[in-house]
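In what follows, a structure is listed as C-alpha cells, so that the remarks can point back to it.
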Amino acid sequence: MRGLIQRFSGLFILLALCLFLSFSTEYFLTQRNLVNIVLQTSILAIVALGVGMTMLTAGIDLSVGSVAAFCGAIAAGLIVESQLGIWLAIPVAVVAGISLGLLNGLLIVYGSLPPFIATLATMAIGRGLTLVYTDGRPITVPDPAFVFIGNGEVLGVPLPVIIMAALLLTAYLFLAHTRTGRNLYAIGGNEKTAHLAGISVARGKLLVYMISAFAAATAGIILTARLWSAQPTTGMGLELEAIAAAVLGGTSLFGGRGSAWGIMVGVFIIGVVSNGLNLLEISSYYQQVIKGFVFIMAVILDMYARKK
Amino acid sequence: SVTLGLSLSTLNNPFFVTLKDGAMKAANAAGVKLVVTDSQDNPATEAKNIEDLIIKKVDALLINPTDSSAIAPSVFKANKAGIPVFTVDRSASSGEVVAHIASDNVAGGILAGEFLVQKLSAKGKVVELEGIAGSSAAIDRGKGFNQVMGKNAGITVVAKQTANFNRAEGLRVFENILQAQPEISGVFAHNDEMILGAIQAAQAAGRDSGIVFVGFDAVDDAVNAVKAGQLAATVAQQPAVIGELGVKTAVDFLNGKSVEKNIPVPLSLVTQ
Amino acid sequence: MEKMRGIKAYLQQSGLLIFILIMVGVLALLSDRFLTPANLINILRQASINGIISVGMMLVILTAGIDLSVGAILALSVVVTADLMHRDLPPLLAATAGLSLGGLLGFVNGWLVSRIKVPPFIATLGMMSFARGLALAYTGGKPVTGLDAGFRFLGTGLVAHIPMPIIIAALVFLAGYLLLSQTRIGAYLYALGENREAALFSGIATGFYTKFVFTASGVLAALSGMILIARLDSAQPVIGLGYEFDAIAAVVIGGTSLAGGEGRLSGTLLGVLIIAMLNNALNLTNVSSFYEGIVKGMVIALALILHGLVRKL
Amino acid sequence: MAIGPCILRMEGITKRFPGVKALDEVRFDLCAGEIHALAGENGAGKSTLMKILSGEYQADGGTIHLKDNPVEIANPQTAQTLGIAIINQELALIPYLSVAENIFLGREPVKQVPRFVDWQKLNQDAAEYLQRLKLDFGPQTLVEDLSIAQQQMVEVAKALSLDAQILIMDEPTSALTEKESEILFDLMAELKARGIAVVYISHRMEEIQRLADRVTVFRDGRYVATSEIADITIEGIIQQMVGRKLQAHTPVTAIQATETALKLVDLTVHRHGIEALNLSLGKGEVLGIAGLVGAGRSELARSIFGVDPIDSGDIFVDGRKVRIQSPKDAIAAGIGLVPENRKEQGLLLKMAVGENITINILKRISRFLFLNKRKAMDIAQTYIEKLKVKTPGAMEKTINLSGGNQQKIVIAKWLTMHPQVMILDEPTRGIDIGAKNEIYALIRELAGSGMGILIISSELPEILRLCNRIAVMSQRKITAILSREDATQERIMTYATGG
Ligand SMILES: Nc1ncnc2c1ncn2[C@@H]1O[C@H](COP(=O)(O)OP(=O)(O)OP(=O)(O)O)[C@@H](O)[C@H]1O
Ligand SMILES: Nc1ncnc2c1ncn2[C@@H]1O[C@H](COP(=O)(O)OP(=O)(O)OP(=O)(O)O)[C@@H](O)[C@H]1O
Ligand SMILES: [Mg+2]
Ligand SMILES: [Mg+2]
C-alpha cells in the first residue's frame with residue numbers, strides 16, 4: 001500500500017480532488033461533466049506531453065502557444081483561402097509547425113542558445129508570423145469535415161479525446177519503451193555521460209523540439225476546429241499552463257525526470273480544479289487565488305506521499 | 001428560481017467589470033441568480049466556461065464573446081442543450097441567438113475619428129494606439145477610425161503602435177512615439193487605459209497641451225479625465241446599460257414576453 | 001599571466017556589449033531621433049522598471065530558482081499602496097506598507113521553496129495566480145486613480161536633471177553589484193546556486209538565503225511598481241502582467257544560467273538595456289505590431305548567437 | 001600469462017589547456033594480455049592521456065597506432081568501435097535510470113517488431129554482469145539509490161559490457177573497499193588471461209606492484225620511464241614520480257588524552273538506523289573508523305555534522321553540550337567535516353579554486369558584510385602551496401583540476417577553518433602518495449596542536465598508520481574499539497564483518 005501510494009501519489013491527489021468535488025457539487029460526478037473535463041483538457045494534455053519531453057532533456061519550450069496559433073491559422077487559411085482540402089491543408093500546417101520546432105532545436109543545438117531564450121524568440125516570431133498571415137483577423141472555417149476534428153464524436157467519444165488518447169499512448173510507448181525515448185532521460189540526467197555513451201545529444205534535442213512543435217501544431221488544429229475559426233491570439237499563456245501541468249505531474253525542470261502518465265495527472269489536476277471552481281460558482285478573481293493555493297498544495301502533498 | 005449564466009470575455013478590463021456590475025444590478029432587481037465566468041480573453045477558456053455553464057443547466061446564457069466566429073460552436077452547443085442564448089457587446093457569427101444587445105465598435109471608431117477630424121480642422125498628424133494585435137475590439141475600432149482617416153487627406157497617421165490595451169504600456173509606447181515625432185496633434189487609442197497612459201507620458205514631456213486625446217470605453221477614470229480637461233473625448237458604449245439590458249431581455253424572454261432581435265445601445269461621445 | 005586571463009575573461013563577456021554598440025549604430029541610421037539625449041534618457045527611464053525587477057530576479061536565478069510571481073506581487077503591492085493613500089494614509093507609510101507586502105509575499109515564496117521544498121517554478125506560479133487574483137478582488141477589477149503629489153515625485157521627479165526612476169534603478173544596481181561581488185552574501189548565493197548540497201556542507205544557511213533572495217525579489221518588484229504607479233498616477237490590478245518574462249529574459253540574455261551559480265549583474269544590465277532599446281526602436285521606426293514579435297525574436301536570438309561566438313574566440 | 005604483442009602505441013602526445021600544458025610529447029604503449037599501470041603525481045596527466053585514448057579529448061599533437069595502423073580517435077564512439085573502453089575517474093551515471101539502463105546506455109537491446117527496448121534481455125544481461133562482480137543489488141535499482149562504491153562497480157560493469165580489447169581503469173579502487181577491490185582484481189586477472197589489455201591507474205602502490213606487468217610513470221606532463229614490474233621497487237616508482245626520495249613516515253605519537261574533544265552519548269538517528277551510539281574522542285587524538293561499505297560510517301558523520309540531525313542523544317564538544325541542527329551549527333560548535341563525495345558535497349566545481357578554499361571562512365575575512373578579497377586569495381595561495389595543488393592559479397575553475405588536486409581543495413577548505421574536531425571521510429581518495437604523506441603529516445601536526453580528529457577510511461593501511469585508536473563499525477553499531485597496538489588488519493576485518 002505504502003509503495004502504491006508512493007508510486008501513484010499524483011493519482012491519489014487527483015482522486016481526492018474528485019472525491020471532494022463530487023460531494024460539494026451535484027454536477028461534478030455526472031457522465032456528461034466527466035466527458036466534458038476530458039474534452040476540455042485534451043488540448044492542454046497534448047501540448048503538455050510535447051513540452052514535457054523538452055523538459056526531460058533539461059530544456060523548455062515557451063513557443064508552443066504561438067506554434068499552436070500559427071498552425072491553426074495556416075490550416076484555416078489553406079482551407080478557406082487557398083481552397084485546399086483538409087487532407088492537404090492539415091499536413092502542410094503540421095509541417096509548418098514542426099519547422100518552427102526545428103528552428104528551436106537548431107538555435108539550441110547549433111546556436112548554443114539557452115532553451116529559454118531560443119523558444120522565447122520563437123514564441124515572439126511565431127506570434128508575429130500568425131498575425132502577418134492572418135492579417136490580424138480570425139479566419140472562419142465552415143468546412144464540416146474540418147469542424148468534425150474538434151467537435152465530432154466516434155462511438156460517443158469526442159474526437160479530440162481520441163486523438164489525445166492516441167498521442168498519450170504513443171508518448172508513453174516512446175518514452176518508456178524505445179531506445180530513443182530512454183536516451184532522452186540520459187541527455188537530461190547527464191549530458192556528458194550521454195554523449196560519451198555514444199548517444200547523439202544534438203539529435204535528441206532536435207527531436208524533442210520537433211515533437212513539441214508537432215504536439216502544439218496538433219493542439220492548434222484541434223483548437224481551430226473546435227472554435228470553427230483560427231484566432232491570431234489563440235494559445236497565449238498556453239506554455240505556462242503546459243509547463244505547470246508537467247511540473248505538477250512530477251517532471252523536473254532540470255531534466256531527466258518525468259513520465260507521460262505523470263504529465264497526464266498534472267493536466268487533469270489543472271482541468272479538474274478549473275472545472276470544479278466553475279461548478280462551485282467561485283468568482284473569477286477568487287478562482288485565481290484558489291488555483292494558486294491548490295497547485296502548491298498538490299505539489300506538497302505529492303512530495304510527502306513520495307517520502308520514504 | 002431562475003439562474004442566468006454570463007460569460008464575459010475578460011474581467012481584467014474595467015469596461016467589462018462595469019458591464020458585469022450593470023448585469024448584477026439588473027439581476028438583483030429581477031430576483032434572478034447570475035453566475036459570471038471570465039474567459040480571460042481566451043476563446044478556448046471561453047468554450048470551457050460555457051460548457052461548464054451548460055452542465056449546470058442555467059436557464060439562459062448571456063455571452064459576451066471574445067470573438068464573433070470562435071463563439072459559434074458554443075452557441076450551437078447551448079442551442080442543442082435547449083438553453084436560450086443572448087449575446088452582449090459582441091455578436092456571434094452563427095448559431096441561434098435570441099437577441100443581441102450591443103453598441104457597434106466600428107461605429108465607435110468612426111465616431112472617435114470624426115471627432116478628431118473636427119477638432120483638428122481636418123489637418124494634422126495623428127497617432128493611433130492599438131489594442132492587442134488580432135483581438136476583435138482592436139480590429140473593429142481600428143477599422144472604423146481608419147475609415148475616417150482615409151477620407152481626410154489633410155490628416156496623416158504618423159504612428160500606429162500597439163500598447164495591448166494596457167495603461168503602463170500606453171505610457172511607454174507613447175513616450176517613445178513622442179521621441180520620434182516632433183509634431184503630434186492628436187491621439188486615438190483603442191481603449192481608455194492606453195490613452196490615460198499616453199496622457200501621463202505627454203504631461204511628463206510637457207507636450208500635453210498641444211495634443212487632442214481621444215479614448216474609447218468611457219471608464220470612470222476617463223470620464224474624470226474629460227472633466228479635468230486632460231482628455232478631449234471618449235467613446236461611451238455604456239457598458240452598464242448593456243449589462244442591464246442583457247439581463248432584462250433574458251428575464252423578459254424567460255417570462256414569455258417577446259423580445260427584439262437586435263437591441264442597440266446608443267453610442268455617445270463623452271466630451272467636456 | 002593572471003592579468004591576461006582576466007582581460008580575456010572580460011572580453012568573453014563582452015559579446016553583448018559589442019552587440020549593443022552595433023545595435024546603437026544601426027538604430028542611429030534607421031532613426032535620426034534615436035541618438036538624441038532626450039531619447040537616451042527616455043530609454044533609461046523605461047529600462048529602470050524592468051531593471052529593478054531584474055536585479056531581484058537575478059538573485060533568485062543565481063540560486064537556481066525562478067520567480068514567476070514578480071508581476072503579480074507588483075500589482076497587489078501597488079493597488080494596496082494606492083488604496084491606502086486614498087484612505088488618507090501618509091504616502092510614506094502607504095509605500096512602506098506596499099513594499100513590506102511585496103517582501104512578505106516574496107518571503108512566502110522563499111519559505112515554500114526552502115522549507116516545504118516546493119519547486120520554485122510551482123511555488124511562484126501559485127503565488128502569481130494567488131496575488132493577481134487578490135489584486136483583482138481587492139479592487140473589483142478597477143483602477144485606483146489619483147495619487148498623492150508628493151508620492152508621484154518617485155516617478156516624475158528630477159534630481160540634478162536626472163529622472164528619479166533612473167536614480168533609483170542605478171542605486172538598486174549598485175546595491176546589487178556590491179552585494180554580489182563585494183560581500184560574502186554574494187559568494188554564498190553563487191555557492192548555493194552552483195551546488196546546494198556543497199553549500200550546505202560548507203555551513204551556509206541555505207534556507208535563510210533562499211528566503212532572502214525571494215524576499216528581495218518581492219520587495220524590488222513592489223518598488224518598481226511604486227515608480228510605475230507614480231508615473232501613471234494610477235494603480236491597476238492588471239499592472240505588471242507578463243513582467244516576469246521581461247525580467248527573466250533580461251537576466252538570461254545577460255548570460256546568467258537558469259541552472260544557477262553563474263552570471264554577472266553587468267550582463268543583466270546589458271540584457272535590460274537591449275530589451276528597452278529594442279522596444280524603443282520598434283516604436284521609433286513605427287514597425288507594425290504584426291512584425292514586432294518577429295523582429296524582437298530575431299534580434300534577441302542574434303544577440304545571443306553573437307555573444308556565444310565572441311565567447312568561443 | 002604470456003604477454004602478447006604490442007597492440008597500442010601512442011607517441012609524442014601533447015595536450016594544452018588554457019594556462020597548462022597537461023601533456024608534453026609523452027609516449028605510452030600497451031600489449032595484449034598485460035596490465036599496464038600508469039603512475040604519477042596528481043596532475044601528472046594520466047587521466048588526460050586516457051581521455052585522449054578514449055576519444056573524449058583530441059590531442060594537440062602526436063600519433064596513435066593500433067596494431068601498427070595509425071588511427072584518429074575523433075570521438076568516444078570511434079574509440080568504442082576500435083575496442084577501447086574506459087572507466088572514468090569521475091563517476092558519471094544517470095541518476096534516474098536503472099542500473100541495467102546505465103550499463104547498456106546507448107546500446108539498449110531492442111526487439112525486432114516493434115522496436116521496443118527488450119527489457120527482459122536488458123535486465124538479464126545486466127544481472128549477469130552484476131553477478132560476475134558479486135554485487136547484491138538488482139539490475140532495476142535506480143542509480144540514485146546506490147552508494148558511491150556501488151556506483152563505481154556499475155561503471156565497471158558498464159565498461160566490461162563493451163567487450164573491449166583495451167580496458168582503461170582510471171582509479172577504480174579509490175571509491176571501493178577491500179571487498180569490492182578484491183572482486184575487481186580477480187576480474188582483471190580473468191581479463192588478462194583472455195588477452196585483454198588493461199591500463200590501470202592507481203595511487204596505491206601495493207596494488208600496482210601486485211597486479212601490473214609493467215608500469216609507466218609520468219611527471220608534470222612528461223614521460224619518465226616504463227619498467228617491468230619485476231625490475232622496479234615501490235620506492236623506485238615513487239622516486240620516478242616525484243623526482244626525489246620521499247621522507248620517512250611521520251611517527252604516531254602516543255597520547256595521553258585527558259580531555260575529550262568530542263563525545264557522543266546515546267546518539268540515535270532513526271533514519272540511518274543508528275541507535276544509542278557512544279563514542280569519545282580525545283584532544284590530540286586521531287581516531288579511525290573502519291568498516292565495510294554500508295556500515296553506516298558516513299551516515300554517522302553526516303549526523304554529527306547536522307546534515308541529517310540526530311533524533312536523540314547528546315553531542316559534547318570540548319566538554320560543552322551542543323545542539324546541532326545544521327552544518328552551520330556544527331561549524332559554530334567547532335566541528336569540521338571533509339565529506340566523502342567531493343563532487344556532490346565537497347566542491348563548487350564551476351567556481352574558482354580560491355573561492356572554494358575560503359568559502360567556509362568568509363565570515364572571518366570580511367568586515368561587516370564586505371569581503372577582503374585579497375586576504376581570501378592570500379589564504380588560498382598559502383594552502384595551494386602547502387598542499388602542492390597543481391593549478392595555474394587561485395582563479396582557475398575547480399572543475400579543470402585533476403581528480404587528486406580537487407580532493408586536495410576539499411581538504412584545504414577545512415584546514416583553513418581550524419575546528420576543534422575534524423571529521424575526515426575518505427580524505428585521501430585519489431591523492432598521490434607524496435601528497436598523502438604530506439597530508440598525514442599535516443593531520444598529525446593538527447592533532448599535535450590539540451585538535452580531535454576522526455578519520456573514516458576504507459584503506460586499512462592508512463588507518464593503521466595514522467590512528468591512535470580504531471573504532472570498527474558494522475551494521476550501524478560500533479563493534480569494537482581497538483588500541484593501536486591491538487589492531488591488525490585481520491582483527492579489524494573480523495569485527496567489521498560483525499564477528
Ligand atoms: N579540462 C581541463 N581544463 C583545464 N585544465 C585541465 C583540464 N583537464 C585537465 N587539466 C589539467 O591538466 C593537468 C593534468 O590533469 P590530469 O587529470 O590528466 O591529471 P592526473 O594525472 O589524472 O591526476 P590525478 O592523479 O589527480 O587524477 C592538470 O594540471 C589539470 O589541471
Ligand atoms: N548493499 C547495499 N544495498 C543498498 N544500499 C546500500 C548498500 N550498502 C550501502 N547502502 C546504502 O548506501 C548509503 C551510503 O552508504 P555508504 O556505504 O556510503 O556509507 P558508510 O556505511 O559510511 O560506508 P562507506 O563510507 O565506507 O561507504 C546508505 O544509505 C546505505 O544504506
Ligand atoms: Mg586523474
Ligand atoms: Mg561512506
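Here the structure is a predicted model, which is why all the values come from computation and not from measurement. Throughout, a chain's letter reflects where its sequence line sits, starting with A, and its residues are numbered from 1.
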Top contributor to chain C interface from A:L253, A:T134, A:D135 [non-hydrogen pairs under 4.5 Å] | A:D135
At a heavy-atom separation under 4.5 Å, does C:S289 approach chain A through its side chain, its backbone, both, or neither?
-> backbone
Exactly one of A:T122, A:T54, A:T119, A:N104 clears side chain to side chain donor-acceptor pair (under 3.5 Å) with A:S63, and that residue is A:N104
Distance from C:I18 atom CD1 to C:I20 atom CD1, nearest 0.5 Å?
-> 11.0 Å
Minimum side-chain heavy-atom gap C:I61-C:L258 below 4.5 Å | yes
Under 4.5 Å from any heavy atom of chain C - which part of A:I290 = neither
Criterion side-chain contact (heavy atoms from CB on, under 4.5 Å) on C:I294 and C:Y291, from CA distance to verdict = CA-CA 5 Å; C:I294 301 179; C:Y291 286 95; 4.1 Å; yes
Using non-hydrogen atoms and a 4.5 Å limit, figure out which bit of C:M127 sits close to chain A: side chain, backbone, both or neither.
-> backbone
Winner by heavy-atom pair count (cut-off under 4.5 Å) against chain C, out of A:I243, A:L120, A:L248 = A:I243
Is the shortest heavy-atom distance from the side chain of C:L74 to the side chain of C:I53 under 4.5 Å?
-> yes
Chain C contact via A:L129 - side chain, backbone, both or neither, heavy atoms under 4.5 Å = both
Most contacts with chain A, counted as non-hydrogen pairs under 4.5 angstrom, among C:G140, C:G242, C:P237, C:A135 | C:G140
Non-hydrogen atoms of chain C under 4.5 Å away: do they reach the side chain of A:A118, the backbone, both or neither?
-> neither
Which answer fits C:I305, side chain, backbone, both or neither, if we ask what part of it has an atom under 4.5 Å from a heavy atom of chain A?
-> both
Atom CD1 of A:I60 and atom CD1 of A:I117: how far apart are they, to the nearest 0.5 Å?
-> 11.5 Å
Sort out for me which of C:V295, C:V252, C:I253 touches chain A most, counting heavy-atom pairs under 4.5 Å.
-> C:V252
Choice from A:F293, A:F295, A:F254 maximising heavy atom contacts with chain C below 4.5 Å = A:F254
The reported gap from CG in C:L282 to CD in C:E292 (rounded to nearest 0.5 angstrom) is 5.0 Å
To the nearest 0.5 Å, what is the distance between OH (A:Y209) and CG (A:L107)?
-> 10.5 Å
What option among C:I300, C:V118, C:V299 has the most heavy-atom pairs under 4.5 Å with chain A?
-> C:V118
